[in-house]
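What follows is a set of notes on a single structure, which appears directly below.
In what follows, every chain begins at residue 1, and chains take the letters A, B, ... in the order their sequences are listed.
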Protein chains: 4
Amino acid sequence: MPADPARRNERSRRAILAAALELLAETGYADLTVERIAARAGVGKQTIYRWWRGKGAVILDALVDAATAGDGSVPDTGDVAADLRALIRATVAEFADPRLSATTRAITIETLSDDALAEQARDRLLRPQLDAVRSRLEAGRRVGQVRPDVDLDQVVELLFGPIYHRWLLRTGPLTEAYADGVVDLALAAITPAGLRQG
Amino acid sequence: MPADPARRNERSRRAILAAALELLAETGYADLTVERIAARAGVGKQTIYRWWRGKGAVILDALVDAATAGDGSVPDTGDVAADLRALIRATVAEFADPRLSATTRAITIETLSDDALAEQARDRLLRPQLDAVRSRLEAGRRVGQVRPDVDLDQVVELLFGPIYHRWLLRTGPLTEAYADGVVDLALAAITPAGLRQG
Amino acid sequence: MPADPARRNERSRRAILAAALELLAETGYADLTVERIAARAGVGKQTIYRWWRGKGAVILDALVDAATAGDGSVPDTGDVAADLRALIRATVAEFADPRLSATTRAITIETLSDDALAEQARDRLLRPQLDAVRSRLEAGRRVGQVRPDVDLDQVVELLFGPIYHRWLLRTGPLTEAYADGVVDLALAAITPAGLRQG
Amino acid sequence: MPADPARRNERSRRAILAAALELLAETGYADLTVERIAARAGVGKQTIYRWWRGKGAVILDALVDAATAGDGSVPDTGDVAADLRALIRATVAEFADPRLSATTRAITIETLSDDALAEQARDRLLRPQLDAVRSRLEAGRRVGQVRPDVDLDQVVELLFGPIYHRWLLRTGPLTEAYADGVVDLALAAITPAGLRQG
DNA sequence: TCATAAACGAGACGGTACGTCGTGTCTTCGG
DNA sequence: CCGAAGACACGACGTACCGTCTCGTTTATGA
């Protein structure tokens, strides 16, 4: 029989998620074990397994919790180019920071070997972020700053794909200049002919 | 003392690499262990640890071996657009195939938690492939099919980044139509103004 | 604060004792856990821990309950030899029965690792049984069928000790013939010289 | 596949048996776990499970090892009464010593819940000891100190049964006087009529 | 006669040990 | 005298119970 969420101990839940994030930041994924999370959280292992399928699910929940904290929407100054530039710079900075990217690394490893978890990560963690960018692009399209014939989901991937690629495969540095280069290329692909400079 | 490569048993080396790939294709990464590779290859575990740092290194060698088999260069018909289309279609098809992508999944997981291995994978496995694409783009640039002001390495990432992104994060299907969409967007970004249709 | 026996639920008490005996008979000691007893009895674990120190105490109570049911005294036909023979045959039969001896096995294990429980078992369960035999021997001594110089407690142990020994250590079968052999030897030790046959 | 005894590490084997006995003497059965034995012996748990079915089997082997050290035969001075008296006094003293009886307690608990182990304990540990006593009785019978019509196995149980009984059930003190009482009663049962004093 | 406090069922909790699996190193033995 | 075979120390896995600790829900007085 499945556990009853109503009787769940909120203090333990928080302690577990916090412990997972702390351990990831401090010792990295390789040293992250369910046993250590439990010990750090002052919790029995069973309390973890009662509510999560394994450490992957714990990490995901911790990330979703953290992500849900902020607003989530992409600022709209009226200038798509500027907004994307700011967004991509921030994203690149996040991937470049070892502490912050440690959690991304961890959840990536976990999803690569667990399809169910991958679905969850996509729907609960990633989709909201990507949809926020898509919304900003839609707004840009409504004011004529984005070509009307492009698939906006593909544009989102055009922006984030290269960053993931570079981060994952270490093909180059994750700098601000790089971020701007990505945005420039993407803008070149989506800006309507009438607005182009080159 | 380090092992003497001169005395290395080529038969065992081949058997180990083959066993690793077979197990990956058959049972997936989660069930891939050094012990199973050794058993399948009819080899002692020590023979693996003598020549490789762990299963990650074995997988990498197996992939490099397989990749080195072909030519490696991207065909040049004179039409960059057509060549990229064919290339990206093939790439997407490869990622879509569970058997073929199982090895990519495996090496990705391994590199995510082993920086030394990541470097090796980048230099020995990935770079040659990316450079081949870059070379094709350079050729295209020489004949005026590619804008002279773009960073070709970034263009390569513009092509492959979205594919990795979608494969990694399961944000959508990896179909031929999708491949074409990626190419279209990239072309929009790199085609000189004079050649544009839109 | 200790629980108030006046408010104790008799229905639960019975259900717990019954569940313990049933589980012992059905699945044996190794599978007997407080959790299973509670589940079988339809009772919360705390209700067991409120009234008993653990499963050992529950088993003891169950046995005492069962033992207290009958009269407890050893029949006296006037012939010590015959009465002992009947008694020991019954005792051996009980030890030979897997269902009945399962409870003895359980309480033996528990008392071996819990001194307090051992005292209780001795005083509440065993002593009455042994005293009943001792009383029968005393009666026999009064009519000259038992040597006046023997320690009757030792005689009781002389009768039951071998049975426990054989049961505990599986050194031989627990048959009626064996029971008679035990009695014969004991009688040889305690019968006054004047009554001896050999 | 079962492990190959030829490749067994004798040093580890000894360390495990020694650790088990030490822990039993120091902290008692309740605190004896496979994990602690392994830790104390400086050994991996798997090395225990590779060669034994569990802690019960380890204890048994340790006891057999210890028992096999000595000669095992019962001294023969020509006087059965005196030899039995010395033997039973020593036996009672052993059961009375908490350190020595701790191992007996442990193996008793284990055999009570494991039939296969019980057989082993009977054949490898107990039978040799009981047979030694039986041999001494046989010698006594040949010289007319023991009635020819008694079953010697039952006589052995007549000697040891009461001791086990009293030790197991704590029905009285395990003193030298008690030991003598047991022997006196047994002798009364087995001494030929012609030699009796009473 | 009904409030009220205890016992109750249920089961989540922090722990401990289980028995298994894989790692990377060390040892043995047969070809 | 190499190398397959696999034993070894180690440590994490996921599970089972332990005994304690809330939770509502009966239940059974005693105010």
Side-chain angles (χ1 to χ4, degrees), chain A residues 1-9 11-13 15 31-39 41-55, chain B residues 3-4 7-9 11-12 15 31-39 41-50 52-55, chain C residues 1 3-9 11-13 15 31-39 41-55, chain D residues 1-9 11-13 15 31-39 41-51 53-55:
Chain A
M1 64 211 76
D4 175 359
R7 312 192 46 178
R8 186 166 186 180
N9 186 330
R11 174 203 262 318
S12 296
R13 193 189 130 266
D31 287 342
L32 184 74
T33 67
V34 173
E35 237 151 37
R36 272 211 246 279
I37 296 174
V43 137
K45 275 203 290 181
Q46 194 60 45
T47 299
I48 294 182
Y49 285 110
R50 189 170 8 249
W51 302 112
W52 289 279
R53 287 189 46 240
K55 66 180 168 184
Chain B
D4 175 358
R7 315 192 63 161
R8 182 165 188 183
N9 185 332
R11 177 204 258 320
S12 295
D31 287 343
L32 183 75
T33 68
V34 174
E35 245 153 30
R36 274 210 247 278
I37 295 173
V43 137
K45 276 202 294 177
Q46 195 58 43
T47 302
I48 293 182
Y49 284 110
R50 192 173 358 256
W52 289 276
R53 289 190 44 243
K55 66 179 167 183
Chain C
M1 67 209 76
D4 176 0
R7 313 195 58 158
R8 184 167 186 182
N9 186 331
R11 175 205 260 321
S12 295
R13 193 189 131 265
D31 287 343
L32 184 73
T33 66
V34 173
E35 245 153 30
R36 274 211 247 277
I37 296 174
V43 137
K45 278 203 290 178
Q46 193 60 254
T47 300
I48 293 182
Y49 285 110
R50 185 164 18 242
W51 303 110
W52 290 277
R53 286 190 47 242
K55 68 180 167 184
Chain D
M1 64 212 75
D4 176 358
R7 312 193 50 178
R8 185 167 185 180
N9 185 330
R11 175 202 264 314
S12 296
R13 192 190 131 267
D31 287 343
L32 184 75
T33 67
V34 173
E35 237 149 39
R36 273 211 246 279
I37 296 173
V43 136
K45 275 200 294 180
Q46 193 63 255
T47 299
I48 295 182
Y49 285 110
R50 179 155 32 237
W51 302 112
R53 287 189 45 242
K55 67 181 168 182

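Within 3.5 Å, a donor on the side chain of C:Lys45 pairs with an acceptor on the base of F:dG19, or the reverse. Under 3.5 Å, the side chain of A:Arg7 and the base of E:dA10 form at least one donor-acceptor pair of N or O atoms.
Counting any heavy atom pair closer than 4.0 Å across all strands shown, D:Gly54 reaches no nucleic acid atom. Residue A:Ala3 is in sugar-phosphate contact alone, with no base atom involved, counting any heavy-atom pair closer than 4.0 Å across all strands shown.
Protein atom CH2 of A:Trp52 is 16 Å distant from nucleotide atom P of F:dT15, rounded to whole Å. To the nearest angstrom, C1' of E:dT28 lies 13 Å from CD of B:Gln46. Separating the CD1 atom of B:Ile37 from the P atom of E:dG22 is a distance of 12 Å, rounded to the nearest angstrom. One interatomic measurement links the two molecules: CG of C:Leu32 to C1' of F:dA16, which rounds to 14 Å at whole-angstrom precision. If you take OH of A:Tyr49 and P of F:dC13, they are 5 Å apart, rounded to a whole angstrom. Distance A:Arg53 CZ to F:dT15 P: 11 Å, rounded to the nearest Å. In this structure, A:Asn9 atom CG and E:dG11 atom P are separated by 17 Å, rounded to whole Å. F:dA9 atom C1' lies 12 Å from atom CD1 of D:Ile48, rounded to whole Å.
Contact check, A:Ser12 against E:dA12: no side-chain N or O comes under 4.0 Å of OP1 or OP2. Taking 4.0 angstrom as the limit, A:Trp51 places a side-chain polar atom (N or O) nearer than this to OP1 or OP2 of E:dC13. Contact annotation: A:Arg36 reaches the phosphate of F:dA12 (side-chain N/O to OP1 or OP2, under 4.0 Å). Contact annotation: B:Thr47 does not reach the phosphate of F:dG3 (side-chain N/O to OP1 or OP2, under 4.0 Å).
Map C:Gly44 and B:Thr33 each onto its nearest nucleotide of DNA chain E; the residue landing nearer the 5' end is C:Gly44. Annotation: of the two residues near DNA chain F, C:Glu35 and D:Val43, the 5′-most nearest-nucleotide partner is D:Val43. With DNA chain E read from its 5' end, the first of the two nearest nucleotides for D:Lys55 and C:Asp4 is the one closest to C:Asp4.
In terms of heavy atoms, B:Ala41 sits closest to B:Ala15 at CB-O, 3.6 Å. What you find for C:Lys55 and C:Leu32 is that their closest heavy atoms are NZ-O, 3.0 Å.
Both tests do not hold together for C:Arg7 against C:Trp51: distance to the six-membered ring centre under 6.0 Å, angle to the ring axis within 45°.
Taking CD1 of B:Ile48 as the reference point, atom CD of B:Gln46 lies at 10.0 Å (rounded to 0.5 Å). The structure places CG of C:Asp31 at 5.0 Å from CZ of C:Arg36, a figure rounded to the nearest 0.5 Å.
For C:Arg50, whose side chain is taken as the heavy atoms from C-beta onward, the closest listed nucleotide among E:dA12, F:dC8, E:dA7 is E:dA7.
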